[in-house]
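Presented below is the structure to which this report refers.
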Amino acid sequence: MEECISVFDMLKIGIGPSSSHTLGPWRAAERFLGELRSENLMHTVSSVKIDLYGSLSLTGKGHATDLAIMLGLSGQDPEYIPVSSIDGIIKSIKDKNEINFGNEKQIPFHFSEDIIFNKNFLPFHANGLTFTVQTTDDKEYSSTFYSIGGGFVVKEERINAKKKIAIKCAFPFPIDKATELLDYCTKEHKKISEIVYENEKSMRSEENIHHELMRIWNTMLECMYIGCHSEGILPGGLHVRRRAFDMHQNLIGLANYDSPQTWLEEIRKTEVKFRQILKWVSCFALAVNEVNAALGRVVTAPTNGSAGVIPSVLMYYLVIENHNAGEKEIKQFLMVASEIGSIFKKGSTISAAMGGCQAEIGVSSSMAAAALCELMGGTPEQVLMAAEIAMEHHLGLTCDPIGGLVQIPCIERNTMGAIKAINAAELALETDPKNAKVPLDKVVDTMWQTAKDMNNKYKETSEGGLAIAVNMADC
């Protein structure tokens, strides 16, 4: 039996630019600190070194993996750390050559020496990292973690697997495959979102579910708002100019607003034509991923590199399709999206280092398409068809970021994933499911087979595709 995956596992609040290369290593550092505390070793630690392997090494600097590890080892939480404090913490570590280890004690730390980039891959997963500490009594303690995509972190022995399975067994509707989900919907006469909600209620209160779902949406909305109101050049050396600001200015005109919510209301008053809709959806997606590229706060959905697709499609529904929509529809959308994402995670991968960008933009587009389809009145069969259509047309999509940065082609790619999601939902709504030829589970299987067949240079290593056709000097 597979692990249980909650809505709040699939949709996580964190810091950009990458869920697998930033959020994952950050969480791994937190877990390592936890291990040291449980082994009663924290007070004896005299030094720490970190070895990065595979994709974490090859594109780690462009993805701020090294910075995330330092922040994690400093005891900072990616969900709540003030974004404005990040630069100061990093600067202090580099200037003083010491780190406030676990926010408990100062130990020597040399940024250029104590994080080691190894190009070789560990066998278990492409994103491996090992923490090693020396103690004051000349002992050594090491622990290896794997960042498997979407901010999920595991150890090879999967210590927590039994706990996860136990939680899942408590679900009234345990789900591994789309066919199982559809069977529950049919037998219970429920929508997909209702099935997901029943599972969530087995783990937390309705009040907590509501609060956390709205916190996720408000983080998405704030991220879009910040991105649409920030101009300038993105960090990293590619000199990529933010585009959401200018696009937003041209679309919004002279509207008056003073918060993300009043901004949303003003957008509802703007002109609605096909070109404007395309621009608004693209603007929302660009905004999120420009914030992500600048180490801002985003929601992993299912990854940071694809964080713009789901909020932009949900925003499209709220400001274009249904001006009366509110919290009910927002929660419904997020629950459907998360369930589709969990099916892909269980049956394939949401890690670009394992499957290329089909695992990120492809999965996010599939999640958004399904969620939009249910909000637009689609049956569970049509919802799963929408997810299938979206992924079918992302199969084989490579991950080849220039300079290892989550910028080119990643930012634009979110706009494409969002538009495809809307298109997929509309196609599904106009199709009788009895005439569908390709079930979602077959596409999940095909995606995994494609991932295994894909050359490693197209799996977030920056060793192929655009990453070598266009170099930093060209930019």
Side-chain angles (χ1 to χ4, degrees), residues 14-29 50-70 72 115-131 144-156 236 238 292-293 295 300 302-307 344-345 348-364 396-410 413 447-448 450-472:
I15 300 295
S18 171
S19 52
S20 60
H21 287 57
T22 314
L23 181 59
W26 194 325
R27 291 300 190 195
I50 306 93
D51 283 277
L52 304 178
Y53 297 95
S55 182
L56 285 185
S57 173
L58 292 167
T59 62
K61 291 183 178 178
H63 286 69
T65 304
D66 45 2
L67 308 187
I69 287 169
M70 289 192 288
I115 301 179
I116 303 155
F117 293 81
N118 304 281
K119 291 189 176 181
N120 56 304
F121 286 69
L122 297 181
F124 183 70
H125 192 278
N127 290 334
L129 67 164
T130 298
F131 297 88
T144 298
F145 299 87
Y146 298 90
S147 179
I148 61 173
F152 290 87
V153 176
V154 300
K155 302 194 75 171
E156 188 167 358
L238 287 178
N292 181 62
L295 277 73
T300 294
T303 67
N304 282 29
S306 59
F344 275 100
K345 183 182 182 297
S348 185
T349 180
I350 57 170
S351 166
M354 291 296 286
C357 202
Q358 61 175 353
E360 297 201 21
I361 293 295
V363 173
S364 64
L397 187 61
T398 62
C399 181
D400 51 354
I402 298 172
L405 297 163
V406 192
Q407 296 181 20
I408 303 172
C410 321
R413 197 166 274 174
M447 181 197 148
W448 180 232
T450 305
K452 291 189 290 184
D453 290 342
M454 189 181 288
N455 191 301
N456 277 339
K457 68 183 181 182
Y458 298 117
K459 295 180 181 180
E460 207 169 5
T461 60
S462 287
E463 294 183 324
L466 287 175
I468 61 169
V470 182
N471 58 46
M472 298 286 278

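Within the 3.5 Å criterion, the main-chain N or O of Y458 finds no donor-acceptor partner in the side chain of D400. A donor-acceptor pair is defined here as one N or O able to donate and one able to accept, closer than 3.5 Å; no such pair exists between the side chain of T59 and the backbone of G404. Checking side-chain atoms of T22 against main-chain N and O of H63 turns up a donor-acceptor pair under 3.5 Å. For E460 (side chain) and A353 (main-chain N/O), a donor-acceptor pair under 3.5 Å exists by modelled atom type. Looking only at distances, a side-chain donor or acceptor of S19 sits under 3.5 Å from a matching main-chain atom of N304. Proximity of a side-chain donor or acceptor of N118 to a complementary backbone N or O of N120 within less than 3.5 Å is not detected. Looking at T461, its side chain does come within 3.5 Å of a backbone N or O of N456 through a donor-acceptor pair.
Listed here is the closest heavy atom pair of P409 and P401: CD-CA, 4.2 Å. Between L295 and I15, the closest heavy-atom pair is O-CG2, 3.5 Å. Looking at every heavy atom in both residues, Q358 comes nearest to G396 through OE1-N, 2.9 Å. Considering every non-hydrogen atom in both V153 and A28, the closest pair reads CG1-CB, 4.0 Å. Taking every heavy atom of both residues into account, S20 and G149 meet most closely at CB-CA, 3.9 Å. Shortest non-hydrogen contact noted between L56 and L52 is O-CD1, 4.0 Å.
Contact annotation: the side chain of I115 approaches that of M70 to within less than 4.5 Å [non-hydrogen atoms, C-beta and beyond]. Side chains of D66 and K61 form a contact here, defined as non-hydrogen atoms less than 4.5 Å apart. Looking only at side-chain heavy atoms (C-beta outward), I468 and K457 stay at 4.5 Å or farther from each other. Contact annotation: the side chain of I148 approaches that of K345 to within less than 4.5 Å [non-hydrogen atoms, C-beta and beyond]. Taking 4.5 Å as the limit, every side-chain heavy atom of T144 sits out of range of all side-chain heavy atoms of K155.
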**Request:** List the steps, then state whether side-chain contact (heavy atoms from CB on, under 4.5 Å) holds for T349 with M447.
**Result:** CA-CA 8 Å; T349 180; M447 181 197 148; 4.1 Å; yes

**Asked** Are M354 and W448 close enough, and set up right, to give a side-chain contact (heavy atoms from CB on, under 4.5 Å), and what steps lead you there?
**Response** CA-CA 9 Å; M354 291 296 286; W448 180 232; 4.1 Å; yes

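Rounded to the nearest 0.5 Å, atoms CD1 (I69) and CH2 (W26) are 11.5 Å apart. Atom CZ in F145 sits 14.5 Å away from atom CG in N127 (nearest 0.5 Å). Rounding to the nearest 0.5 Å places CD1 of I408 at 11.5 Å from CZ of R413. Summarising the geometry, atom CG belonging to D51 is positioned 9.0 Å from atom CG belonging to L129; distances are rounded to the nearest 0.5 Å. Here the CG-CG distance, from L238 to L405, works out to 4.5 Å after rounding to the nearest 0.5 Å. Note that CG of L466 and OG1 of T398 are 7.0 Å apart. Values are rounded to the nearest 0.5 Å.
Other residues, nucleotides and ligands place more than 12 heavy atoms under 6.0 Å from the NZ atom of K452.
For the ring pair (Phe, Tyr, Trp, His ring centres under 6.0 Å) with Y146, the qualifying choice from F124, F152, F121 is F124, the only one to do so. Among the candidates S55, S351, S147, the single residue satisfying the side-chain hydrogen bond (donor to acceptor under 3.5 Å, both in side chains) test with H21 is S55.
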